[in-house]
Each structure stands twice: as C-alpha cells, then as structure tokens.
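Every chain is numbered from 1, with letters handed out A, B, ... down the list of sequences. All values below were derived from every heavy atom in this structure, side-chain atoms included, with hydrogens, water molecules and symmetry-related copies excluded. In this text the structure is predicted, and so the values were computed from the model without any measurement.
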Amino acid sequence: MKKNSCPEIDKLIANRLNLLADNERRSVENHLLDCPQCQKLMAIESEIDKELSLNFDPRNIEEMVLIRLRLIREFKPRQSWISPVLAILNSILIMVIVFFAGILLTEIWMKVVQYMTPAFLTGKSVTLISLMSIIFLSISILFGFRKIGLKYINF
Amino acid sequence: MVFDLVELVNKSKNGDEDAMAAIVTNFKQLIFTIAYRLIGDYDMSMDICQETFIKAFQNLDKLKNPEKFKTWLCSIARNLAYDRLREATKILPTNSEQNPNPQELHMVEDVVTGSRKRVIIQNALNKLEPRDRLLLTLYYYQNFSIKEIAEIVGITPENVKVSLSRARIKLRKELQGYEEELLS
Ligand SMILES: [Zn+2]
C-alpha cells in the first residue's frame with residue numbers, strides 16, 4: 001500500500017519530465033530517496049521511457065524509394081512555367097473551337113431542317129431540338145479536348 | 001564524411017540519386033518510427049515511410065528553407081499517417097488488449113526483435129489519441145527541440161510540456177496491470 005505522504009503518480013511523472021517548480025521537485029526527490037514503493041513506480045516509469053526511446057529500422061528502403069521515384073518521373077512530365085501557360089492557351093483554343101463548331105453545326109443543322117423537316121414538326125420544336133443537340137455536341141467536344149489536353153499538358 | 005543536409009537537399013532538388021539515398025538513410029529510422037508509433041502496423045508503416053520520402057522529393061521545390069527539412073519531412077509523414085488512420089479506423093488495433101491479434105503481435109515482435117514489453121507499450125500507445133502518440137514519439141526521439149515538436153504536432157511551444165505530461169500520464173494509466181511485466 002502507498003503511504004499517505006506519497007506524491008501522486010502524476011507528480012512523479014511531471015518530475016521526470018522536469019515540469020515541477022524547484023521546491024516541489026526537491027520534495028519529490030527527497031521522498032524518492034527512502035520510499036521503496038515510489039522507487040518501484042519510478043523503475044516502471046524508466047522501463048516505459050526506455051521503450052519509448054527505441055527507434056525502429058525499416059531496413060533497406062533506399063533502392064525502393066528511388067525506383068518508385070523514377071517510375072513516377074517517367075509517367076509525369078516535369079512541371080515548369082510552360083505548363084500553366086500551355087494550359088491557358090489550351091483552354092482558349094478549346095473555347096474558340098467550340099464557338100466556331102457551334103456556329104458551323106447550327107448552320108448545317110438549319111440546312112438539314114430546311115430540307116428534311118416533316119410537316120408535323122412545328123418551328124418551335126425544331127429550334128428546341130437544334131439547341132439541345134448543339135449543347136450536347138459542345139459538351140462532348142469540350143470533354144474530348146480536355147482529355148487530350150490533360151494527356152499532353154501537366155495542369 | 002560530414003552530413004551536410006543543406007547540400008544534400010540542394011543536390012536532391014537537381015535529381016542527384018546519391019544525395020537522395022543519403023537523405024533516406026539518414027532519416028528513415030525517424031520516419032519509420034513516427035509511422036510505426038502512429039499506425040502500429042509494420043506493412044502500413046513501411047508504406048508510409050516510403051511514401052513520405054517520395055512525396056518529399058517530389059515537392060522539394062516547395063521547401064524554401066533546407067534547414068527546415070527535418071520538420072517538413074516529419075509533417076509529411078504525420079499527414080500521411082493521419083490520412084491512413086482516418087481511412088482505416090476499423091482495421092486498427094485499438095482493442096488489442098481484449099482481443100489480441102496474433103498476426104499483429106507477431107509483426108510487432110518481428111519489428112523490434114521480439115520483446116513482450118514492446119508489444120505492451122505499443123498496444124497502450126494505440127489507445128491514445130494520434131496527437132499524443134506523435135508527441136511522445138518526437139519527445140523520446142532524440143534531438144528535437146520543443147519548437148520543432150510544436151511545429152510538427154501543431155500546437156504552441158508553450159503547450160508542448162503540458163500536453164506531453166498529460167499524454168505520458170494517460171499512457172501510464174493504460175499500462176495499469178502490466179507493471180510486473182514491465183519490470184521483469
Ligand atoms: Zn512514496
């Protein structure tokens with residue numbers, strides 16, 4: 001059993017970590033000199049400290065790290081200032097292409113509609129269908145170019 | 001040979017593989033120890049250890065002050081380990097006391113040359129918060145200043161000592177009942 005005068009374990013630990021004020025530290029250390037129970041607690045603490053101070057070794061990982069880095073570098077171009085500039089140019093190009101493609105497609109569609117619209121389709125629904133197909137085409141073109149862009153340019 | 005970290009970092013920036021290997025050799029124990037103390041699993045820690053170095057070498061350009069390489073590297077390891085903990089809370093040995101996983105125990109013993117004490121300590125550590133585990137690991141790993149520890153753990157330097165003693169006391173409580181084994 002612990003004596004009444006024994007300091008709390010928290011205090012003993014704080015003392016090991018040099019967290020106590022001078023007078024407290026002195027009284028704890030004086031107590032430790034002739035209290036076997038607390039000495040035993042401290043022995044346990046020092047075992048814990050010893051275990052916590054261990055370093056573990058992952059053995060030879062150098063070669064593996066270098067190999068993995070080489071593999072990554074082969075598949076990813078080096079980043080430089082060119083990449084963001086190319087990315088911006090790429091986006092502008094895509095926008096221009098989509099814009100003109102949109103106009104062109106509208107023209108073509110209008111011609112098709114002019115000659116081939118069955119009589120039951122009113123002007124309104126033709127416009128709606130045209131608009132929808134243009135939107136779909138634009139989106140697919142945009143994604144297509146984005147994919148190509150991503151392949152060659154590192155965003 | 002004198003270990004000149006700044007020179008090695010600068011050489012690594014230019015893709016010098018010998019310099020990179022030297023850096024890995026110098027810090028692998030530290031990073032593996034951090035990963036292992038945080039994760040408690042040998043294979044996963046090995047993975048995090050390698051990933052830490054790979055990420056560091058890939059982002060070396062972002063490190064403005066090569067003097068800070070060590071704390072920077074530790075922060076990368078910390079982030080990777082925290083991510084892994086968040087992803088895989090289910091498979092982590094948080095309850096190994098009641099239900100010891102023999103495979104895990106074997107791995108622990110394998111890593112640290114077969115001591116029962118080591119298993120007991122690591123199991124108790126696994127019950128603490130990751131932040132406390134990191135704090136204790138860095139404190140007991142030599143050569144870290146309070147400021148460096150604060151930076152890696154993400155607390156103020158004034159808080160390090162108090163948090164440390166709290167973590168250490170918590171660990172002591174988790175170890176209740178194992179006193180005799182620890183002394184043997
Ligand atoms: Zn006592």
**Prompt:** Should B:E129 and B:K170 count as an ion pair when the cut-off is N to O under 4.0 Å?
**Reply:** no
**Complete:** Under 4.5 Å to a heavy atom of chain B? For A:E51 that would be both
**Request:** Let me know if B:L30 has heavy atoms under 4.5 Å from chain A in its side chain, its backbone, both or neither.
**Result:** neither
**Request:** Please state whether the side chain, the backbone, both or neither of A:I48 comes within less than 4.5 Å of a heavy atom of chain B.
**Result:** both
**Message:** Salt bridge or not between B:R84 and B:D47? Use side-chain N to carboxylate O under 4.0 Å.
**Reply:** yes
**Request:** Spell out, as yes or no, whether a donor-acceptor pair under 3.5 Å connects the side chain of B:K161 to the backbone of A:L17.
**Result:** yes
**Prompt:** Under a 4.5 Å heavy-atom cut-off, does chain A meet the side chain of B:L125, its backbone, both or neither?
**Reply:** side chain
**Fill in**
Among A:N60, A:V65, A:I61, A:L52, the residue with the most heavy-atom pairs under 4.5 Å to chain B is A:L52
**Message:** Checking side-chain polar atoms at under 3.5 Å, does B:K68 have a donor or acceptor matched by the opposite partner on B:N65?
**Reply:** no
**Part of B:I120 lying under 4.5 Å from any heavy atom of chain A** = neither
**Message:** Filter on salt bridge (charged side-chain N to carboxylate O under 4.0 Å, His left out), then keep only pairs touching residues 175-184 of chain B, sequence neighbours left out; what's left?
**Reply:** A:K40-B:E180, B:R116-B:E181, B:R172-B:E179
**Prompt:** What part of A:E63 lies closer than 4.5 angstrom to a heavy atom of chain B: side chain, backbone, both or neither?
**Reply:** neither
**Prompt:** What part of B:R166 lies closer than 4.5 angstrom to a heavy atom of chain A: side chain, backbone, both or neither?
**Reply:** neither
**Asked** For B:I121, is it the side chain, the backbone, both or neither that has a heavy atom under 4.5 Å from a heavy atom of chain A?
**Response** side chain
**Request:** Below 4.5 Å from any heavy atom of chain B, which atoms of A:L19 appear? Answer side chain, backbone, both or neither.
**Result:** side chain
**Asked** Do the side chain of B:Q29 and the main chain of A:P58 share a donor and acceptor less than 3.5 angstrom apart?
**Response** no
**Message:** Taking atom NZ as the centre, does B:K55 end up with more than 12 heavy-atom neighbours from other residues, nucleotides or ligands that are less than 6.0 angstrom away?
**Reply:** no
